[in-house]
There are 2 protein chains.
Amino acid sequence: MPAKKILVVDDDVKTVELVKLYLERDGCTVLTAYDGLEALRTFRENHPHLIVLDVMLPGINGVEICRILRGESDVPIIMLTARTRDEDKLTGLDTGADDYVTKPFSPGELAARVRAIFRRLPAERGPTEITSGDIVMNFPKREVYLKGKPVSLTAVEFKILAAFLKEPGRVFDRVELIEKAFGYDFESYDRAIDVHVFNLRRKLEPDPKKPKYIRTVYGAGYKFAEA
Amino acid sequence: MPAKKILVVDDDVKTVELVKLYLERDGCTVLTAYDGLEALRTFRENHPHLIVLDVMLPGINGVEICRILRGESDVPIIMLTARTRDEDKLTGLDTGADDYVTKPFSPGELAARVRAIFRRLPAERGPTEITSGDIVMNFPKREVYLKGKPVSLTAVEFKILAAFLKEPGRVFDRVELIEKAFGYDFESYDRAIDVHVFNLRRKLEPDPKKPKYIRTVYGAGYKFAEA
DNA sequence: CAGGCTTAATAATTAGTTAATAATCTTGTG
DNA sequence: CACAAGATTATTAACTAATTATTAAGCCTG
């Protein structure tokens, strides 16, 4: 396994160093940031494989950082929080964090959770760029090009398209697409997917009435045309 | 889909009941156990399809249970880990659980993770493709090929053909085929199957008048010719 | 207050069932 | 062994139901 780059964000130097020590013992490369803005900058420059993010940060707080990151990437995020009430935890998960650890925590436990995330990730490991027909997706840049021209996709559209392009030809039902677009299915109305597909077609298809890329599989879901 | 049996193990009655409620709402059959020994006994007697297992249990703890279970089964396990600094849950994460949820958790989220595991499961287990004679079925792509050429089947036709190909030679009566084509139940006029078979033959048979694949078993039903 | 996600309503499309008739099979009988 | 009566299956097309596309309004978040 190639070494994983992990960004650890916390305003407490001792915490950062401790976590860094444990993660490096697992063979990870650790980047650090001590406030929200620095975290965003470091993320955009270095594209780490995972982020450990404290909720309470000077300046922009962790929840907000998480939302911003989710808008531009599906990098796994583990949130650190001192708060213990149920609703806080839910907010964190709704925001798109992949896991949640409360302070005080044992660094060993955090490292285990990092390993756990990487263990169930391999399906999502993939190339940095995928091309299919006139469509190019660049994952690190989170950009999509149609005939070389950039196309602006929303976060959800991007993730749905990514799911399609990673397994061309495979049929995804609506629940699967919701899972791909968010972490998990929170019983949202799956017809929302229809609208996202509609919008994706509008942005990508030469003739949205006769889709060439995103095909409807009646009674089953959608699939991306094979190469 | 046949109802899934799920074993929920936790010493806290309220937690068990809450989880049970949510899982049953998803159509699962829920078994319960309140300590490790009871969990093992219930597992061995009932062979549930999935286990939700609390880490902290009286007697044998969850991690140990998980290890024992792993020794005798690859049943999917979701661990419930309470938030403490205790290092034993760390071991739990590495013991072979398929997923884990930290307490306090929302029962809806747990149910979503259960659904996610069941959805992933058949993809990892069952064959991705079945071939018989000139017919090839590809499940992830939900496509059928006849002599290498794609044949367009409706949802019901696809499911009926899948039932045939999964058990070549077995005779299915009309009620069985209806059950395969939908999730059990549904009292519909079973002569509709005749029409589906007719349409399948039209699409697949070299000579629909003299079926080579889908044979009529007079007075009983239909069967797919054996290899 | 703007963008984006969801919801909801309705139009368009596709599939599934029913029902009627034709064809075929089974069995009992001469 | 041939044949007819009754039963079962094949075929067809009209009818009904289910699914998807499209549009627009509402809502939340930032």
Side-chain angles (χ1 to χ4, degrees), chain A residues 36 40 59-72 91-92 94-96 142 151-161 171-175 177-178 180-183 185-205 207-211 214-223, chain B residues 142 151-161 171-175 177-183 186-205 207-211 213-223:
Chain A
L40 285 176
I60 317 175
N61 79 27
V63 173
E64 205 161 319
I65 297 292
C66 187
R67 284 216 181 86
I68 295 170
L69 288 170
R70 271 291 167 271
E72 54 190 81
T91 308
D94 275 345
T95 305
R142 203 201 155 279
V151 177
S152 163
L153 297 188
T154 68
V156 169
E157 287 163 8
F158 189 88
K159 285 178 184 166
I160 291 175
L161 184 62
V171 174
F172 296 88
D173 65 33
R174 289 178 176 73
V175 176
L177 289 174
I178 285 175
K180 299 287 181 184
F182 315 97
D185 158 32
F186 278 98
E187 337 209 333
S188 48
Y189 181 52
D190 60 4
R191 287 286 147 183
I193 292 296
D194 296 39
V195 180
H196 292 305
V197 166
F198 174 76
N199 289 324
L200 270 172
R201 283 175 173 159
R202 196 158 45 77
K203 291 178 180 179
L204 296 173
E205 297 282 358
D207 179 4
K209 291 278 182 187
K210 296 186 169 40
I214 304 174
R215 302 266 178 76
T216 300
V217 183
Y218 191 99
Y222 299 95
K223 73 175 186 173
Chain B
R142 224 192 184 84
V151 177
S152 163
L153 299 188
T154 68
V156 168
E157 287 162 8
F158 190 90
K159 286 178 188 161
I160 291 175
L161 184 61
V171 176
F172 296 89
D173 65 32
R174 290 179 176 72
V175 175
L177 289 173
I178 286 174
E179 283 173 3
K180 298 287 182 186
F182 311 95
F186 269 116
E187 300 175 16
S188 63
Y189 180 50
D190 57 5
R191 286 288 148 184
I193 292 296
D194 296 39
V195 180
H196 292 305
V197 167
F198 172 75
N199 289 325
L200 270 173
R201 283 174 173 160
R202 193 159 46 78
K203 292 177 181 180
L204 296 173
E205 297 282 358
D207 178 4
K209 293 278 183 187
K210 295 185 171 36
Y213 296 115
I214 304 173
R215 303 268 177 73
T216 300
V217 183
Y218 191 96
Y222 299 95
K223 72 171 184 176

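Labels below follow one simple rule: chain letters A, B, ... track the order of the sequence lines, proteins then strands, and each chain is numbered from 1.
- Of all nucleotides listed (D/dT12, D/dT20, C/dG16), D/dT20 comes nearest to the side chain of A/Arg174.
- Both tests do not hold together for B/Arg215 against B/Tyr222: distance to the six-membered ring centre under 6.0 Å, angle to the ring axis within 45°.
- Closest to the side chain of B/Arg201, out of D/dA10, D/dT9, D/dT19, is D/dA10.
- Geometric assessment of B/Arg201 against the ring of B/Tyr213 yields a negative cation-pi assignment under the 6.0 Å and 45° thresholds.
- The side chain of A/Phe198 sits closest to D/dA21 out of D/dT11, D/dT8, D/dA21.
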Please walk me through it: do B/Lys180 and B/Lys159 pass side chain to side chain contact (heavy atoms under 4.5 Å, CB included)? CA-CA 7 Å; B/Lys180 298 287 182 186; B/Lys159 286 178 188 161; 5.7 Å; no

Stepwise, does the side chain to side chain contact (heavy atoms under 4.5 Å, CB included) test hold for B/Phe172 with B/Val217? CA-CA 9 Å; B/Phe172 296 89; B/Val217 183; over 6 Å; no

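- Phosphate contact (OP1/OP2 of C/dT17, side-chain N/O of B/His196, threshold under 4.0 Å): present.
- A side-chain donor-acceptor contact under 3.5 Å links B/Lys203 to the backbone of B/Ser152.
- When heavy atoms are screened at a 4.0 angstrom cut-off, B/Ala181 is found touching no nucleic acid atom at all.
- Along DNA chain C, the nucleotide nearest to A/Ile193 and the one nearest to B/Lys209 differ in position, and the one closer to the 5' end is contacted by A/Ile193.
- B/Val197 comes within 4.0 angstrom of nothing in the nucleic acid, heavy atoms only.
- In terms of polar N and O atoms assigned as donor or acceptor, the side chain of A/Tyr218 comes within less than 3.5 Å of the base of C/dT14 in a complementary pairing.
- Within the model, atoms CD1 of A/Ile160 and CD1 of A/Ile214 stand 8.5 Å from one another, a figure rounded to the nearest 0.5 Å.
- As rounded to whole Å, 17 Å separates atom P of C/dA23 from atom CG of B/Asp194.
- Across the protein-nucleic acid pair, A/Asp207 atom CG and D/dA21 atom P stand 14 Å apart, rounded to whole Å.
- Straight-line distance from the CG atom of B/Leu200 to the P atom of D/dA10: 12 Å, rounded to whole Å.
- Protein atom CG of B/Leu153 is 10 Å distant from nucleotide atom P of C/dG16, rounded to whole Å.
- Whole-Å rounding puts the A/Ile160 CD1 to C/dT6 C1' distance at 13 Å.
- When distances are taken from the side chain of B/Val195 to each of D/dT9, C/dT17, C/dT6, the shortest belongs to C/dT17.
- Candidate nucleotides D/dT20, D/dA10, C/dA15 were compared by shortest atom distance to the side chain of B/Thr154, and C/dA15 ranks first.
- Using a 4.0 Å heavy-atom distance criterion, B/Arg202 is classed as making no nucleic acid contact.
- Residue A/Arg191 places at least one side-chain N or O under 4.0 Å from the OP1 or OP2 atom of D/dT20.
- Of the candidates D/dT9, C/dG16, D/dT20, D/dT9 carries the atom nearest the B/Thr216 side chain, counting heavy atoms from C-beta on.
- Atom CG in B/Asp190 sits roughly 15 Å away from atom C1' in D/dA10 (whole-Å rounding).
- Rounded to an integer number of Å, the gap from CZ of B/Arg142 to P of D/dT19 is 12 Å.
- Protein atom NZ of A/Lys210 is 16 Å distant from nucleotide atom C1' of D/dT20, rounded to whole Å.
- Heavy atoms of B/Phe158 sit nowhere under 4.0 angstrom from any nucleic acid atom.
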